[in-house]
Novice: 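Here it is: the structure, laid out below.
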Amino acid sequence: GNSVTQMEGPVTLSEEAFLTINCTYTATGYPSLFWYVQYPGEGLQLLLKATKADDKGSNKGFEATYRKETTSFHLEKGSVQVSDSAVYFCALYTGTASKLTFGTGTRLQVTL
Amino acid sequence: GAGVSQSPSNKVTEKGKDVELRCDPISGHTALYWYRQSLGQGLEFLIYFQGNSAPDKSGLPSDRFSAERTGGSVSTLTIQRTQQEDSAVYLCASSPTSGRAYEQYFGPGTRLTVT
């Protein structure tokens, strides 16, 4: 079956540090890949997506590249801010079932 | 416009009691999903509705769990004879069509605590 593996958190960084959150997946077929973010007290929001190999999704300074050869979709940001503190979820969708498969989430805490 | 809303936001219940969780999707969204977020378990798919029918119930963990959707809008997730392992945050999401399932808009969730 489909699965998503994320690096465990929490990840604690100082403001302006470089962020990487690793995500790898296992899927049949050719999945679309996503990063969702959950800010404190809020619902999940789609952060970025990539629908085919080598696509790069980007939003709010975050980027992730769909790497089919390594089955990865790592999230990166060059300079994090305190306001980026949240839980980040990697997810995939294969279209054979109308549902998303999520990783366990990675909590990011950014300090001044 | 209004997003997905869920009620109650928090629910504490005693083991063995039944609970109902409600989801109001975004107006006009035909697809609706229920997920469960348990500590350290990520988001676990429960059930998917397209209109009022549920073509995928594969994620419901036991026959104590059921869900319905009426009028192509509001959905209710019912848990009978609650157990402590049912404690989790229950999330609802809606999307415009099933073919764009990744465009899911999530509600804030209902935190269920079974004592």
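Below, chain A is the first sequence line, B the second, and so on; all start at residue 1.
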Novice: With only heavy atoms counted, which part of B:S9 is less than 4.5 Å from chain A, the side chain, the backbone, both or neither?
Specialist: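 Neither part.
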Novice: Group every Ile, Leu, Val, Met, Phe, Trp and Tyr by side-chain heavy-atom contacts under 4.5 Å, then state whether A:V80 and A:L75 land in the same group.
Specialist: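 Yes: a chain of side-chain contacts under 4.5 Å links A:V80 to A:L75.
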Novice: Using the rule that two of Ile, Leu, Val, Met, Phe, Trp, Tyr join whenever any of their side-chain heavy atoms come within less than 4.5 Å, decide whether B:V4 and B:Y90 are in one cluster.
Specialist: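 No, separate clusters.
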Novice: Under 6.0 Å from the OH atom of A:Y39, do we count more than 12 heavy atoms belonging to anything else shown?
Specialist: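 Result for OH/A:Y39: enclosed.
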Novice: If we only count heavy atoms from C-beta on, is the B:F45 to A:F102 side-chain gap below 4.5 Å?
Specialist: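 Sidechains of A:F102 and B:F45: no contact.
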Novice: How many angstroms lie between OH in B:Y33 and CG in A:L100, if you round to the nearest 0.5 Å?
Specialist: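 Interatomic distance, B:Y33 OH to A:L100 CG, rounded to 0.5 Å: 7.5 Å.
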Novice: Just verifying a value: how many Å separate A:L46 CG and B:S95 OG, rounded to the nearest 0.5 Å?
Specialist: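 One gets 12.0 Å once the value is rounded to the nearest 0.5 Å.
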Novice: So do the side chains of B:L43 and A:Y36 get within less than 4.5 Å of each other, counting heavy atoms only?
Specialist: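 A side-chain contact under 4.5 Å is absent here.
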Novice: Looking at B:E14, I want to see if its CD is surrounded by more than 12 non-hydrogen atoms of other residues, nucleotides or ligands under 6.0 Å.
Specialist: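 Atom CD in B:E14 is not packed in, count stays at 12 or less.
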Novice: Within the supplied structure, the quantity of interest is the number of heavy atoms (other residues, nucleotides, ligands) at a distance under 6.0 Å from A:E42 CD; does it exceed 12?
Specialist: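 Yes, the 6.0 Å shell around CD holds more than 12 heavy atoms from other groups.
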Novice: Taking NZ in A:K49 as the centre, count heavy atoms belonging to other residues, nucleotides or ligands within less than 6.0 Å. Is the count above 12?
Specialist: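 Atom NZ in A:K49 is not crowded, with 12 or fewer foreign heavy atoms closer than 6.0 Å.
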Novice: If I compare all heavy atoms of B:Q37 with all of A:F89, which pair ends up nearest, and what's the gap?
Specialist: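 Smallest heavy-atom distance, with atoms named: NE2-CZ, 3.2 Å.
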Novice: Against chain B, label A:Q6 side chain, backbone, both or neither, depending on which of its atoms sit under 4.5 Å from a heavy atom there.
Specialist: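 For A:Q6, no heavy atom lies under 4.5 Å from chain B.
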Novice: For a 4.5 angstrom cut-off between non-hydrogen side-chain atoms, does A:K99 reach B:Y48?
Specialist: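 SC-SC contact between A:K99 and B:Y48 ruled out.
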